[in-house]
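These notes are about the structure you will find just below.
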Amino acid sequence: MARLKSRSHSYWDSFSFVGLVFATLFFCGSVTPSLLPRPYFVQGVLSGFSLAIGYGVGVFLLWCWTFLELPHPSEVLATRFKQASVIGTSLVFLGSTWRATEWQNSIRERMELPPVESADPFWFCVIAIVVACVLVAIARSMIFGGRKLSRGLERFVPRRIAISVSTVVVLIVATMIANGVVARGMLNFADGFFLKADLLIDDQIEQPNRSLACGSEESLVDWELIGRRGKDFIAGGPTREEIAAFTGEEAMHPIRVCVGMRSVDGEDARAELAFEELKRVGGFDRKVLIVATPTGTGWLDEGAVDTVEYLHHGDTAIVSAQYSYLPSWITILVDPSRSRRSATALFDKVYAYWTTLPKDERPRLYLFGLSLGSFGCEDAADLLETFQDPINGSVLSGPPFPSHQWQSLVAGRNPESPVWLPTFRNQSMVRFTSQINTLDSGKAWGPIRNVYIQYASDPMVWFSPSLAWHRPEWLTSPRGPDVSPGLRWSPIVTFLQIAFDLPMATSVPIGYGHNYAPANYIDAWNAVTEPEGWSNEEISRLKQFFKPTEE
């Protein structure tokens, strides 16, 4: 027992004071606001990672000081430094936990959420300590292995070289294990989990009985292989009767075509099947044809697709192909090229046939994508390949951070416009909008109309690895109306905060985060597709019709 106590004391005494100071400061930074409100258990895990990384930063800086053989302070100066550090970090810790509730409510207020009485600081502190201890224990095991290796190498090479080589080896091994074992294992688990979710069959989703409906008995696409999200898309749209009842005019049955991951293997094969089904059901005979790239799970936002069908009285065709079972925030981190390959394959099939049709008889051709779908759409219609016969435009919402075309447009924005709501050149080809419609700028559109919808509070848009070392432009003044004034950039910590916001991007009310409102889609489709016969009053009535009901 005494021996166990001795080892326990020895273990705790081995912690670095400098590391603990940095850990506390990182913890305090982690409870400040980010883009989205956080429940206490998410805050606890985030703060745990912050504690562990902060401790590692402190230890690393101290190691660098020692490695470079820089002078150490005297014992008296070191003691005074420790005393001042303990007092300072204690005050910062108490102030941060005290203000945690206020900071969370500063985000909730902007998202029209009721305030919370408490951020539960006790519980998120407990969770943070547990998570940090586990992470530090893992890191110490790696360091122990590195020291053993270093001691072995010191017999053959100088000490500094031995330390450097052993450090590099440990980092390489850790990275290989993390990527090859942990990450791959988690990815396989997630892929299997979401595959099972995709296999779930909702008894309320009935197979279409119209012969010209995708998934019917006469369809080229097997209903049972479309997938859960695909079935929702095909069966969930408005009927001709529902559209006519709202508009008071004659309407058509909107055409929806979707091919699931299990329908056929490979992006090219799925694109071919979707194209042939689109021809079978008469998609090229409609006024508006939309090649839609879904999110990672194969989902197409009802607020985006239903609204354009109402605007054009059902004289529309929308074609889509699933490319993943995983949510967008996982797919974008693991293999975002899935979206691009799928979008390009489907667009190439549709576009090649569309260009053979008489220009005065063929439908107007558009692209649509939300989230990872937006990422895929950007490169689908290559400007050089479509220059001689361009498409009519696109509506892209929630463009994720790796979107190169979006990044280029934002970087080249007019200097007077903010990064979260930019204007690009004369706005004839590309326009941006947010919660409030900014598309009616009074300037003339060109022949191709492209609209980006993005919210200042959407972490999928604003996350970036550079957050770890660079203050983002979206935090400069003026900042977006749905961003807390208490959000401040801190190295590494802000990166962790926004990274933890990603899985919760759709957990906020519609109109914030990564939940795009039907009203914003109506404005975008109205600007891009120019539906006939819609007055401002009727547009407002349509927005009210699609306004989410409060639960």
Side-chain angles (χ1 to χ4, degrees), residues 198-245 250-294 297-300 302 304-306 308-310 312-323 325 342-343 345-358 361-366 368:
D198 191 70
L199 291 171
L200 292 176
I201 298 174
D202 192 332
D203 293 335
Q204 296 178 350
I205 303 179
E206 297 182 359
Q207 182 177 10
N209 51 27
R210 291 186 303 108
S211 61
L212 291 181
C214 181
S216 65
E217 292 292 342
E218 293 81 3
S219 175
L220 302 176
V221 182
D222 189 332
W223 174 251
E224 297 303 325
L225 300 179
I226 292 176
R228 185 169 61 97
R229 290 299 192 182
K231 290 179 181 178
D232 289 338
F233 167 63
I234 291 172
T239 64
R240 176 178 61 186
E241 293 76 17
E242 289 171 338
I243 296 174
E250 290 187 8
M252 304 173 68
H253 280 297
I255 290 176
R256 293 186 171 192
V257 173
C258 182
V259 173
M261 284 275 288
R262 292 180 292 119
S263 296
V264 64
D265 291 333
E267 288 93 354
D268 291 335
R270 285 193 289 271
E272 179 69 28
L273 179 58
F275 166 67
E276 292 296 336
E277 178 68 1
L278 184 65
K279 285 199 302 181
R280 185 190 75 84
V281 298
F284 289 94
D285 298 325
R286 294 302 175 97
K287 181 188 297 184
V288 171
L289 172 58
I290 300 171
V291 178
T293 306
T297 58
W299 177 66
L300 287 169
E302 298 85 355
V305 292
D306 291 6
V308 71
E309 291 168 341
Y310 271 87
H312 291 279
H313 305 281
D315 195 3
T316 59
I318 303 175
V319 60
S320 178
Q322 184 185 11
Y323 54 85
Y325 300 116
S342 177
L346 180 56
F347 175 80
D348 286 349
K349 289 288 183 183
V350 173
Y351 179 76
Y353 182 77
W354 179 77
T355 55
T356 66
L357 302 176
E361 297 179 12
R362 69 190 184 188
R364 286 179 282 162
L365 181 58
Y366 300 94
F368 167 70

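Only heavy atoms go into these numbers, but all of them, side chains included; no hydrogens, no water, no symmetry mates. This is a predicted model, so every value here is computed, not measured.
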Work out which heavy atom in [X] is nearest to a heavy atom in [Y]; give both atom names and the distance.
{"X": "Cys214", "Y": "Ile234", "value": "O-CG2, 3.5 Å"}
{"X": "Val319", "Y": "Ala274", "value": "CG2-CB, 3.9 Å"}
{"X": "Asp306", "Y": "Pro238", "value": "OD1-CD, 3.7 Å"}
{"X": "Glu277", "Y": "Leu220", "value": "OE1-N, 3.0 Å"}
{"X": "Tyr366", "Y": "Val288", "value": "CD1-CG1, 3.9 Å"}
{"X": "Leu300", "Y": "Phe233", "value": "CD1-CE1, 3.7 Å"}

Contact check, side chains of [X] and [Y], non-hydrogen atoms, under 4.5 Å:
{"X": "His312", "Y": "Met252", "answer": "no"}
{"X": "Arg210", "Y": "Pro208", "answer": "no"}
{"X": "Phe275", "Y": "Val257", "answer": "no"}
{"X": "Trp354", "Y": "Phe347", "answer": "no"}

[atom1]/[X] to [atom2]/[Y] distance, rounded to the nearest 0.5 angstrom?
{"X": "Leu278", "Y": "Cys258", "atom1": "CG", "atom2": "SG", "result": "12.5 Å"}
{"X": "Ile290", "Y": "Glu309", "atom1": "CD1", "atom2": "CD", "result": "7.5 Å"}
{"X": "Ile226", "Y": "Arg262", "atom1": "CD1", "atom2": "CZ", "result": "9.5 Å"}
{"X": "Thr356", "Y": "Tyr351", "atom1": "OG1", "atom2": "OH", "result": "11.0 Å"}
{"X": "Ile255", "Y": "Ile318", "atom1": "CD1", "atom2": "CD1", "result": "10.5 Å"}
{"X": "Arg270", "Y": "Ser320", "atom1": "CZ", "atom2": "OG", "result": "11.0 Å"}

> Restricting to pairs with a member in residues 346-358, which pass salt bridge (charged side-chain N to carboxylate O under 4.0 Å, His left out), not counting sequence neighbours?
Replying inline: Glu272-Lys349

> salt bridge (charged side-chain N to carboxylate O under 4.0 Å, His left out): which pairs involve residues 284-293, sequence neighbours left out?
Replying inline: none

> Should we say atom CD of Glu250 is surrounded by more than 12 heavy atoms from elsewhere, each under 6.0 Å from it?
Replying inline: no

>> Assess the residue pair Arg229 and Gln322 against the criterion (side-chain contact (heavy atoms from CB on, under 4.5 Å)); give the C-alpha distance rounded to whole Å, side-chain angles, the decisive distance to 0.1 Å, and a yes or no.
In response: CA-CA 9 Å; Arg229 290 299 192 182; Gln322 184 185 11; 5.8 Å; no

>> Do the side chains of Glu224 and Lys231 get close enough for a salt bridge, i.e. N-O under 4.0 angstrom?
In response: yes

>> Restricting to side chain to side chain contact (heavy atoms under 4.5 Å, CB included), what partner residues turn up for Ser342, sequence neighbours left out?
In response: Glu267, Ala321, Tyr323

